[in-house]
Amino acid sequence: MTLRLLFNEIRVGVKQICDRLGYPETEFDVSEASRPEFGDVSCNIGFLLAKALKKRPFDIAQTLAEEYKKKSKKYVLEVFAHDSGYLNFTANYSLFIPEVIHASLLLDYGKIDLGKNSRMVVEHTSVNPNKALHVGHVRNIIIGDTIARILHKASYDVSVLNYVDDSGLQVADIIVGFKYGGFSDKAPEGQKFDHYCGDVVYVKITERYETDKHLAELRSQVLKELEEGTSEIAKFGDEITRRVLDEQLKTCWRLGVTYDCLNFESQIVRSNLWSTAFEKMKSMGITELEKEGKNVGCWVIKAESEEDKVLVRSNGTATYVAKDIPYAAWKLGILEDPFYYKHYAVQKTGRVLWQTTLDNKETKLNFRGDMVITVIDSRQSRLQKIITKIMSDFKSKPDAYRHLGYESVTLSPETAKTLDLDTGGKSVQMSGRKGIYVSADYVLDVLGSRTFEEAKKRNPELDELNLVKISEQVAIGALRYAMIKQDLDKIITFDLTESLSLEGDTGPYIQYAYARSLRILEKAGREPNFKIHLDQLETVYEKNLVKVIASFDLQVEDAAKNLSPKVVAKYCYQLAVTFNAFYEHVKVLSAESESLTDARICLVYSFKETLGKALQLLGIAAPERM
RNA sequence: GGGCCUGUAGCUCAGCUUGGAUAGAGUGCUGGACUUCUAAUCCAGUGGUCAAGGGAUCGAAGCCCUUCGGGCCCGCCA
């Protein structure tokens, strides 16, 4: 039993009455009432029929209410028309509460069958392997990871990919640094290798290009060798990339993010994927050879009301977009899979991480999908639009390939100042090349020491090990929640000081509610007894909590259908707020009677289970103590 | 010049897809609640011509049009 059943009962009931009365068919709305005095559920049918029936909305609602009262009802207790014209309903709580609580005990509570086990690919992270992750990357990673978790809950068979651009310009930059710039390929003591590459080598060598033209030429040479993949430089590049990647993945894993497969660009380049895709595009007339104008001799894609996009240069080499096309087609299973797969690592959750290889002694596996979601920030929208169009031509299915875009993370003027940058009161775009960023590891460390102090103050009896565990969980909860709670198309202005706030609408607030509920259950000193009469739960706080618990699957559906991770974040917050109100106003362990205590223990347990599952969707740990 | 996103309380944001009841949170500020199931909490107060103008509608923060402010993208770079 969930709210969905109550809504359905009302929808069907109202529809039957309308049919019987000969009212015209309408798509009316059944939703949660916006205020307590409006009951639990509201229906707007009065407004919709007003014109056709030439009656006031209230009169229609009134008639429907009278008719509805005569019907046999299950989860509905009362029906009444409101002066405004709404048709309102109250729930039959003596039935509703026990059924919701029992339903919430199921292991897969909240699961919906939207995906019907179809194959879904989610690609995220895809950070150039020449630097450490910064908070901008974290937004990508957390959006992608959360979407993957939500889609899994919505019964999609999800594979998560991380695209490793190991043959691009950014990698070439640090290789130049190591080979020709005099930088050691060992990080100084105490510094992670990815930080060293990004903070020092990448930034410094970029500065030097300005004055040293020879260095810039060497870069082109290195880039070419990386793509060909046979030279000594290429082997060295591969080694460096993998060392950086290892360190990046440590940060991802620390954030609770796992993957199924690493796709190396160098192997895509060396496979025949590009030429196959190119031939396909030619034969489908998607791309054409330009005969005149500024792009003469290039293969281009004509776009409506926009500039033509060059796919293949007049010298025959493929451009950046072009490289993405075969990969996108591969993800959708359009082209034959040239890859084999070998173990990369076993992740903390036990999930195996694979990597592509062209070595045919390795295994054949399937990491492709009927649908593909690519998480990249919206600065890539134009290019992604082109790819989306081509994929829909290839697959002749419009939504198979989807670009999930999001706005970037900028640094607040105050935080920019900590990097010795005066932005004149404006926020600033991060840039790895210019060294303008705040790294993910740094944020987690600062947050971690802040939460450690807090946890120690509150739990002086706990040992160091436990405190570290709690503070890490809370720090990650805070960061993940901050990255997910607002809409994808809102810019996040990251402020270091503000990110340390752990109160109000934050991850720790939600985690705290969980910890509180667990303490009640611990102190109760007995297992919840679900045979007890749960209809003793009569206060508004208890009813509200049950209602929120009952809406879990509706929220999952909303989030999955709209690819909107914040929906689940809002839901967790709502659960926590409702529980905290309950906590403050309703006593569990010192209730008026033993049996009431028992009933409330069941509710608290139900809450704990539901919040735990919802937090899992956000990848936020549910701490036992805080 | 073209394309995409955005503008709601001092600040940060929900609500807009699918129009409907008195526009909600957090934070800030003011005041209150810990010998109590953890105060990372709760309660009360404060705070809004929903950027501006127009249109269609019985009804607009939401839909359409125009204008203005802010951000991003538009290379035979990646």
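Proteins come first, then strands; the chains are lettered A, B, ... in the order of their sequence lines, and each starts at number 1. Just the heavy atoms: all of them, side chains too, but no hydrogens, waters or symmetry mates, feed the values below.
- In this structure, A:Lys282 forms a cation-pi arrangement with A:Trp299, its terminal cationic atom sitting closer than 6.0 Å to the ring centre and no more than 45° off the ring axis.
- For A:Leu223, the side chain to side chain contact (heavy atoms under 4.5 Å, CB included) partners are A:Leu169, A:Ala172, not counting sequence neighbours.
- Listed in residue order, the members of residues 34-42 of chain A having a heavy atom less than 4.0 Å from RNA chain B are A:Ser34, A:Arg35, A:Glu37, A:Phe38, A:Ser42.
- Ion pair A:Lys469/A:Glu624 not flagged as a salt bridge, since none of the NZ, NE, NH1 or NH2 atoms sits closer than 4.0 Å to an Asp/Glu carboxylate oxygen.
- Here A:Lys523 lies in heavy-atom contact (under 4.0 Å) with sugar-phosphate atoms only.
- Not counting sequence neighbours, the partners of A:Tyr571 by the ring pair (Phe, Tyr, Trp, His ring centres under 6.0 Å) test are A:Phe552.
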Write out a two-atom table: protein N or O, nucleotide N or O from nucleotides 55-61 of chain B, distance below 3.5 Å.
none

Exercise for the section: For RNA chain B, produce a single dot-bracket line, 5' to 3'. Pairs: Watson-Crick or G-U wobble, both distances under 3.5 Å. Symbols: ( ) within strand, [ ] crossing, | other strand, . unpaired. Expected result: (((((((..((((......[...))))((((((.......))))))....(((((..]....))))))))))))....
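- Residue A:Glu25 places its CD atom among 12 or fewer non-hydrogen atoms of other residues, nucleotides or ligands, all under 6.0 Å distant.
- Judged by the 6.0 Å and 45° rule, A:Lys456 forms no cation-pi pair with A:Phe452.
- Among residues at least two apart or in separate chains, ring-ring contact (aromatic ring centres under 6.0 Å, His included) pairs with a member in residues 27-61 of chain A are A:Phe38-A:His82, A:Phe47-A:Tyr86.
- Residue contacts for A:Val474: at a heavy-atom cut-off of 4.0 Å it reaches a base atom on one of the strands shown.
- Taking the side chain of A:Tyr512 as heavy atoms from C-beta on, and the options B:C13, B:A21, B:U41, the nearest nucleotide is B:U41.
- In this model, the phosphate group of B:A14 is approached by a side-chain N or O of A:Lys490 to a distance below 4.0 Å at OP1 or OP2.
- Listed by chain and number, the residues in a side-chain hydrogen bond (donor to acceptor under 3.5 Å, both in side chains) with A:Asp83 amount to none (sequence neighbours excluded).
- Residue-level contact check: A:Ile491 touches the backbone only, with heavy atoms under 4.0 Å from sugar-phosphate atoms and none from bases.
- Residue A:Val586 is classed as a base contact, given a heavy-atom separation below 4.0 Å to a base.
- Look at CG on A:Leu502: it is 20 Å from P on B:U12, rounded to the nearest Å.
- You'll find the side chain of A:Leu311 stays beyond 4.5 Å of the side chain of A:Cys298, heavy atoms only.
- Proximity of a side-chain donor or acceptor of A:Asn140 to a complementary backbone N or O of A:Thr125 within less than 3.5 Å is detected.
- Crowding of A:Arg270 atom CZ: a count of heavy atoms from other residues, nucleotides or ligands under 6.0 Å exceeding 12.
- Residue-level contact check: A:Lys426 touches the backbone only, with heavy atoms under 4.0 Å from sugar-phosphate atoms and none from bases.
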Fill in the blank from the handout: In B/S/- notation (B base, S sugar-phosphate only, - none; protein heavy atoms under 4.0 Å), nucleotides 73-78 of chain B written 5' to 3' is SS-BSB
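- Among residue pairs with one or both ends in residues 576-585 of chain A, those qualifying as salt bridge (charged side-chain N to carboxylate O under 4.0 Å, His left out) are A:Arg516-A:Glu584; sequence neighbours excluded.
- Contact of A:Asn88 with B:A21 (side chain to base): a donor-acceptor pair of N or O atoms is detected under 3.5 Å.
- Partners of A:Asp399 by side-chain hydrogen bond (donor to acceptor under 3.5 Å, both in side chains), not counting sequence neighbours: none found.
- Among residue pairs with one or both ends in residues 474-499 of chain A, those qualifying as salt bridge (charged side-chain N to carboxylate O under 4.0 Å, His left out) are A:Asp145-A:Arg480, A:Lys485-A:Asp505, A:Asp487-A:Lys566; sequence neighbours excluded.
- Counting non-hydrogen atoms under 4.0 angstrom, A:Tyr583 reaches a base of the nucleic acid.
- Relative to the side chain of A:Glu503, the nucleotides B:C37, B:U27, B:C5 differ in distance, and B:U27 lies closest.
- Nucleic acid contact for A:Ala515: base, since at least one base atom lies under 4.0 Å from a heavy atom of the residue.
- Scanning residues 589-605 of chain A for heavy-atom distances under 4.0 Å to RNA chain B yields A:Leu589.
- Between A:Glu453 and A:Lys457 there is no salt bridge, since no side-chain N of the basic residue sits under 4.0 Å from a carboxylate O of the acidic one.
- A:Glu454 comes within 4.0 angstrom of a base, heavy atoms only.
- Looking only at atom types and distance, the side chain of A:Ser551 has no donor-acceptor partner in the side chain of A:Glu32 under 3.5 Å away.
- Proximity of a side-chain donor or acceptor of A:Asn459 to a complementary backbone N or O of A:Ala455 within less than 3.5 Å is detected.
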